[in-house]
Amino acid sequence: MGKWTDNPWERQKNESAKAFEAFSIYLNLGSERSITKVAQELNKTRTLIGRWSSEWSWQERVRAWENNLQREAHKAAVKKVRDMNARHEKMAVVIQGAAMEALKKIGSDMVTPKNFAAIVRLATELERKSLIESVDSVDENTDGEEEETVRIYLPDNGRMEGSSVG
């Protein structure tokens, strides 16, 4: 594939502007793409469009484009999970601090050992799981490249077995 640029979906070296325009139309047709539709849109013969498709490997270039879109979508999803984990870590620390302050200020009159324990358990579990997920989110694969592993932890909103908050 010596004739390819870094991104096969871009105009290639020695590819005419008209051939690239035809490829762009083909690429943007999505699931409806066909050489016939490109020929009709450009008012060119199907033979000419077929020759350009073959010469410039349109199917391979489309596959490269779609794979790139998948990689970008995956990166965006991983970033969202990392951002969520960071928010959960911060939230857990705040909850822990608030629970300690409540115990100091209000005392045992309003904060019972039962609900205090549930609050602290929720906060520490959320913090621990968020930190573990942050550390585990990058694994080594067999090619030596970084591979993202996405795990999502959803807290049970304080509804833990055998305890209640409130």
Side-chain angles (χ1 to χ4, degrees), residues 1-98 121-161 165:
M1 291 225 295
K3 65 182 178 183
W4 301 116
T5 63
D6 288 342
N7 297 318
W9 53 88
E10 296 174 346
R11 186 173 173 190
Q12 303 301 301
K13 183 179 178 181
N14 299 325
E15 184 177 24
S16 71
K18 289 184 179 192
F20 180 66
E21 177 188 14
F23 170 70
S24 296
I25 291 168
Y26 181 77
L27 180 68
N28 292 322
L29 284 172
S31 63
E32 301 294 316
R33 72 177 54 98
S34 74
I35 290 169
T36 301
K37 286 187 180 189
V38 175
Q40 289 171 346
E41 184 159 335
L42 292 175
N43 199 24
K44 303 279 185 192
T45 67
R46 190 181 184 297
T47 304
L48 174 64
I49 300 303
R51 187 171 66 238
W52 283 344
S53 172
S54 178
E55 179 180 350
W56 294 104
S57 305
W58 285 6
Q59 290 181 350
E60 286 180 49
R61 291 167 73 186
V62 166
R63 188 171 26 262
W65 169 249
E66 290 173 346
N67 289 343
N68 181 66
L69 290 179
Q70 285 290 58
R71 279 190 300 275
E72 293 302 316
H74 184 259
K75 284 180 190 176
V78 168
K79 182 182 182 324
K80 283 183 180 182
V81 170
R82 284 184 171 168
D83 292 348
M84 177 191 67
N85 283 338
R87 283 192 315 273
H88 287 183
E89 288 173 38
K90 289 176 185 173
M91 185 186 335
V93 171
V94 169
I95 291 169
Q96 289 171 347
R121 187 168 36 255
L122 172 64
T124 54
E125 180 182 350
L126 181 58
E127 180 184 28
R128 180 181 54 77
K129 288 190 180 228
S130 294
L131 287 173
I132 289 170
E133 296 302 323
S134 295
V135 171
D136 286 347
S137 67
V138 177
D139 294 332
E140 287 292 318
N141 70 16
T142 56
D143 297 6
E145 296 178 8
E146 287 188 350
E147 182 178 280
E148 301 287 348
T149 300
V150 178
R151 293 186 185 101
I152 300 174
Y153 168 69
L154 299 174
D156 62 3
N157 296 325
R159 294 183 305 273
M160 292 185 232
E161 225 176 329
V165 178

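These figures come from a predicted structure and were not determined experimentally. The figures here come from the full heavy-atom set of this structure, side chains too, leaving out hydrogens, waters and symmetry mates.
The OG1 atom of Thr45 sits 11.0 Å away from the CD1 atom of Ile35 when rounded to the nearest 0.5 Å. Atom CD of Glu66 is separated from atom CG of Leu27 by 7.5 Å, given to the nearest 0.5 angstrom. In this structure, the separation between CD on Glu15 and CD on Glu21 is 11.0 Å, given to the nearest 0.5 Å. Rounded to the nearest 0.5 Å, atoms CH2 (Trp56) and CG (Asn14) are 5.5 Å apart. To the nearest 0.5 angstrom, Met91 atom CE is 11.0 Å from Glu89 atom CD. Rounding to the nearest 0.5 angstrom, the gap separating the CD atom in Glu60 from the CG atom in Asn67 is 11.5 Å.
Side-chain atoms of Gln12 come within 3.5 Å of backbone atoms of Glu10 as a donor-acceptor pair (strictly under, hydrogens ignored). Under the 3.5 Å distance criterion, the side-chain polar atoms of Ser24 are matched with a main-chain donor or acceptor of Phe20. At distances below 3.5 Å, not a single donor-acceptor pair connects side-chain atoms of Arg51 with backbone N or O atoms of Glu55.
Gln59 has its side chain within reach of Tyr26: a pair of non-hydrogen atoms, C-beta onward, lies under 4.5 Å apart. Counting heavy atoms from C-beta outward, Leu42 and Ile25 have side chains that approach closer than 4.5 Å. Phe23 is listed as a side-chain neighbour of Val62, based on a closest heavy-atom distance under 4.5 Å.
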Exercise for review: Please lay out, stage by stage, how Lys75 and Glu72 fare under the test salt bridge (Lys or Arg N to Asp or Glu O under 4.0 Å).
Suggested key: CA-CA 5 Å; Lys75 284 180 190 176; Glu72 293 302 316; 3.6 Å; yes
Practice item. Let me see the working for Arg87 and Met84 under side chain to side chain contact (heavy atoms under 4.5 Å, CB included), right down to the final yes or no. Key: CA-CA 5 Å; Arg87 283 192 315 273; Met84 177 191 67; 3.5 Å; yes
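Scanning all heavy atoms of the two residues, the minimum distance from Trp9 to Ala64 falls at CZ3-O, 3.6 Å. Residues Trp58 and Ala19 come closest through the heavy atom pair CZ2-O, 3.9 Å. Heavy-atom minimum distance, Ala22 versus Ile49: CB-CD1, 4.1 Å. Closest heavy-atom contact between Thr36 and Arg46: OG1-NE, 2.9 Å.
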